Amino acid sequence: MANGCACCLVYLRKWSIIKMENQWLLSPSRQLTEVERSLVWQKPVTHIESDAERRICSEVKRNWTRGEMKITNILLEGDAGSGKTQLAKALSADFGLPYTKVTCFADMDKSDVLGSILPMLPEDENNTKGVTYKYYPSEIVRAYENGWLLEIQEPTVIRDAAVLMALNSALEADGSINLPTRIVHRHPDFIAVITTNRGYNGCRPLNEALRDRVQHSEKMDLPPIEVMSARAAAKTGCTDEELLLTFARVIVLLDQTAKANAIKGVAGMRSYFFWVDAVLQGSEAVDALYHKVIYKITTDPDEIVILEQALSKHGVLSELEEISERQINTNGQVMEIHTEGTMETEFFNTIPDDIPEVVLRKSADNEGHLNDDAETAADTQSSDHGEDGDPIYHELQQKNNVELEQQRRDFRKHLNRQAREIVKGSSHEKVNLIVHRPEATIAHHREYHQIASMLMPIIRELVRKTLPLLEHEVSAEFAKSRLYGTKFHAEKLASPDFHYYSQKCPPDEEPSLAVALRIDESASMSAFGRLDAAKQAAVAVYEFCESCKIPMLIYGDTADRSSLEQMSLYSYIDYENPALNDKYCLMAIQGHSNNRDGMALRILAEKLMKASQNAKLLISISDGQPKAMPNYSGETAISDMREVIQEYKRKGIVFLAAAIGQDKETICDIYGQEHFLDITDLRQLPARLVQVIAKYL
């Protein structure tokens with residue numbers, strides 16, 4: 001008993017302190033019962049006051065003693081997760097009023113508002129009076145009569161107009177409720193907080209009479225990202241400010257995109273908190289984004305694509321990748337670095353969750369100069385690292401996004417003009433041609449990393465063996481056919497180009513090889529795993545060439561998508577503007593329609609011709625012979641391909657065909673046995689292509 005009294009004294013003391021410190025108490029002299037005190041919401045340490053909370057408290061306190069101007073009915077209208085219930089509870093703590101709530105439902109009737117008279121069985125079995133009845137007040141009546149703060153959740157779902165009328169009467173300033181046993185008058189301290197969503201399934205517009213009885217209304221949207229960040233930090237214990245702000249921007253972007261595209265779901269604070277917490281517990285940022293946020297918004301594939309495209313367009317994918325990388329690098333695992341030789345120190349040993357760009361990008365001081373392309377890319381959405389190894393982050397500034405989008409449009413227009421100029425004078429001059437620059441989605445990022453994690457051991461080994469040869473080459477070999485140099489070549493006197501000298505390749509000279517990879521995107525590529533093999537090959541070629549600093553083109557093509565698009569080219573990687581390349585868009589490779597091989601080969605070969613490198617290799621991955629409407633097939637198409645191959649062979653282009661389909665004999669006949677790869681096992685394709693490229697170095 002003594003312990004119980006002591007606990008009560010402590011509780012009362014705390015309650016007195018709260019009352020003294022709280023400037024928004026509405027009735028400081030009111031004495032609450034012990035049960036009522038237990039119903040007053042206690043703000044946790046994680047609670048962050050919002051502008052809406054301070055605004056409501058100020059308005060209610062200012063008008064509390066002004067008679068008819070008193071504010072006692074408050075409307076909080078907004079999306080799920082915007083903090084409506086949290087705010088209603090916070091008002092309970094601010095005003096010092098007991099908090100209770102009622103959640104409305106479609107079949108709600110007047111008894112749920114007024115209470116019910118229910119039968120009572122006699123406690124004494126010998127009682128002969130029979131069944132008696134007792135009135136049980138509803139939670140609404142209890143709050144109404146005793147002066148509590150009542151949250152009325154979702155009154156918009158109620159179908160019965162009589163129930164709404166009963167609520168209307170109760171919300172009058174001097175209102176009363178007629179109960180079966182008596183009349184209950186509104187307590188002076190009673191405050192009703194109506195919380196409702198906007199336009200959700202099953203909801204109706206809020207009754208006009210009910211809305212008219214509201215004296216203060218708040219439009220509950222997501223708070224500013226700084227407030228979101230502070231709340232998430234308090235709730236989850238996260239101290240990574242960059243992570244919190246980035247995730248908050250993603251939530252806001254997804255919420256705005258969903259509303260703009262009439263997607264019913266919402267991205268709210270709950271999703272934000274659980275996403276941050278999942279990443280803190282070791283989940284990968286992008287994976288957790290799907291399960292904690294996107295799939296809560298929608299699971300419709302088309303709507304998910306819309307959300308992914310919005311994230312890609314606004315450049316937040318690179319920031320999420322950087323966060324994932326940091327999580328991997330700081331999760332307690334040790335990254336092993338080889339110290340044998342000069343080259344092995346540049347590559348991490350194989351680890352389960354490898355990030356390719358970390359493995360393949362050289363450090364800033366590795367060769368005494370920075371990568372110019374990386375510096376250019378840093379102005380947009382870089383995933384590079386600074387000299388101290390820390391990731392470089394870039395804010396989502398609208399100006400930068402607009403400039404980047406304009407650069408992309410300009411480059412796409414340039415590629416279209418260039419391609420149409422190349423085919424002038426050929427048999428394809430009249431063919432309608434469009435060059436696309438596909439954009440990557442979050443799903444493409446995930447797929448790319450899955451493929452790269454499988455291929456990286458092979459690629460690393462080939463890079464490890466290749467780079468020392470390149471370093472030896474540039475330090476000992478001569479670049480011949482120069483206008484000036486250190487060594488005179490008498491045998492060149494017979495040459496009409498007057499290039500009589502050679503010179504040693506300086507240490508900063510790039511490997512003298514340019515590579516173009518052409519991928520047939522006809523419909524038949526979708527069968528028998530050919531498309532997956534083509535994607536893997538594209539990833540392998542990209543990562544190998546990127547690490548060896550080999551300029552590359554990776555293009556896909558298809559024909560007859562429409563009468564206005566008889567030929568479609570997909571520019572995935574183009575060395576003309578490396579800053580606009582996005583390796584993740586390689587996962588957008590897919591089967592479409594027919595294939596007009598000769599036209600694609602001509603365009604890529606001509607682009608290769610403009611490269612300054614001496615050796616130029618064009619690799620074509622195809623599963624069948626050329627066929628397009630109206631008459632590009634059979635001997636006509638084969639003759640066109642042979643003509644293109646012979647023309648550009650004379651100009652120095654080396655062609656290589658990787659045949660992965662049923663027309664291998666025809667493809668071999670077109671390209672020649674010495675330029676033909678018969679890929680029976682598709683799993684061998686990535687490694688074979690990388691090995692071939694390495695030979696040409």
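In this text, all values refer to a predicted model and were calculated from it rather than measured experimentally. Numbering of residues begins at 1 and proceeds along the displayed sequence.
Annotation for Tyr448 and Val539: closest pair CE1-CG2, 3.6 Å, computed over non-hydrogen atoms. The heavy-atom pair separating Thr257 from Ala310 by the smallest distance is OG1-CB, 3.4 Å. The shortest non-hydrogen separation linking Pro626 to Met641 is CG-SD, 3.4 Å. When all heavy atoms of Ala538 and Leu586 are compared, the pair lying nearest together is O-CD1, 4.0 Å. The minimum heavy-atom distance linking Ala248 with Tyr272 is given by the pair N-CE1, 3.5 Å. Contact between Ile519 and Ala534 at its shortest, heavy atoms only, is CG2-CB, 3.9 Å.
The backbone N or O of Asn594 sits less than 3.5 Å from a side-chain atom of Thr558, completing a donor-acceptor pair. In terms of modelled atom types and a separation under 3.5 Å, the side chain of Asn595 and the main chain of Glu521 share no donor-acceptor contact. Using a distance-only test at 3.5 Å, with no hydrogens or angles considered, no donor-acceptor pair links the side chain of Asp557 to the main chain of Leu569. The closest donor-acceptor contact from the side chain of His444 to the backbone of Thr441 lies under 3.5 Å. Glu284 contributes a side-chain N or O that, together with a main-chain N or O of Val286, makes up a donor-acceptor pair within less than 3.5 Å. Proximity of a side-chain donor or acceptor of Ser312 to a complementary backbone N or O of Glu308 within less than 3.5 Å is not detected. In terms of modelled atom types and a separation under 3.5 Å, the side chain of Ser453 and the main chain of His449 share a donor-acceptor contact.
To the nearest 0.5 Å, atoms CE (Met525) and CG (Asp532) are separated by 9.5 Å. Rounding to the nearest 0.5 Å places CD1 of Ile306 at 12.5 Å from CG of Leu311. The structure places CG of Asp560 at 11.5 Å from OH of Tyr632, a figure rounded to the nearest 0.5 Å. To the nearest 0.5 Å, atom CD1 of residue Ile653 and atom CE of residue Met609 are 5.5 Å apart. Atoms CG and CD1, from Leu604 and Ile554 in turn, are 11.0 Å apart once rounded to the nearest 0.5 Å. The line from CE of Met228 to CZ of Arg249 is 11.0 Å long, rounded to the nearest 0.5 Å.
Between the side chains of His592 and Glu565, no donor-acceptor pair of N or O atoms lies under 3.5 Å. No side-chain donor-acceptor contact under 3.5 Å links Thr298 and Asp300. Using modelled atom types, one finds no donor on one side chain facing an acceptor on the other under 3.5 Å when comparing Arg561 with Ser593.
Ring-plane geometry between Tyr295 and His291 is classed as perpendicular, the angle between the planes exceeding 60 degrees on a 0 to 90 degree scale with a lower cut at 30. Using a 30° and 60° split on the angle between ring planes, His445 and Tyr584 fall in the parallel class, below 30°. Using cut-offs of 30° and 60° for the angle between ring planes, the Trp275 and Phe247 rings count as parallel.
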For a side-chain contact (heavy atoms from CB on, under 4.5 Å) check, start with the C-alpha distance between Leu608 and Val515, then their side-chain angles and the critical distance, and finish with the verdict. CA-CA 8 Å; Leu608 268 184; Val515 174; over 6 Å; no
Residues Tyr575, Met552; criterion side-chain contact (heavy atoms from CB on, under 4.5 Å); working and verdict: CA-CA 6 Å; Tyr575 59 70; Met552 75 194 101; 5.6 Å; no
Determine, stepwise, if the pair Lys607 / Glu576 fulfils salt bridge (Lys or Arg N to Asp or Glu O under 4.0 Å). CA-CA 9 Å; Lys607 287 177 68 69; Glu576 281 193 61; 2.7 Å; yes
So Lys292 and Ser271, side-chain contact (heavy atoms from CB on, under 4.5 Å) or not? Walk me through it. CA-CA 6 Å; Lys292 303 299 182 182; Ser271 301; 5.8 Å; no
Determine, stepwise, if the pair Cys585 / Arg437 fulfils side-chain contact (heavy atoms from CB on, under 4.5 Å). CA-CA 9 Å; Cys585 72; Arg437 290 283 288 177; over 6 Å; no
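Counting heavy atoms from C-beta outward, Lys651 and Lys616 have side chains that stay 4.5 Å or more apart. In this structure, the side chains of Val423 and Glu606 stay at 4.5 Å or more apart for every pair of heavy atoms. At a threshold of 4.5 Å between non-hydrogen side-chain atoms, the residues Phe655 and Ser620 do not count as touching. In this structure the side chain of Arg596 reaches within 4.5 angstrom of the side chain of His428, judged on heavy atoms. Using a 4.5 Å cut-off on side-chain heavy atoms (C-beta onward), Asp574 and Phe411 make contact. The closest side-chain heavy-atom distance from Met629 to Gln566 is not below 4.5 Å. A 4.5 Å side-chain heavy-atom check between Arg420 and Ile603 finds every atom pair outside the cut-off. A heavy-atom distance below 4.5 Å is found between the side chains of Val431 and Met599.
Ion pair Glu647/Arg602 flagged as a salt bridge, since at least one NZ, NE, NH1 or NH2 atom sits closer than 4.0 Å to an Asp/Glu carboxylate oxygen. Here Lys535 pairs with Glu447 in a salt bridge; the nearest charged N to carboxylate O distance falls below 4.0 Å. Asp597 has a carboxylate O that lies under 4.0 Å from a charged side-chain N of Arg518, or vice versa, which qualifies the two as a salt bridge.
Within 6.0 Å of CD on Glu241 lie no more than 12 heavy atoms contributed by other residues, nucleotides or ligands.
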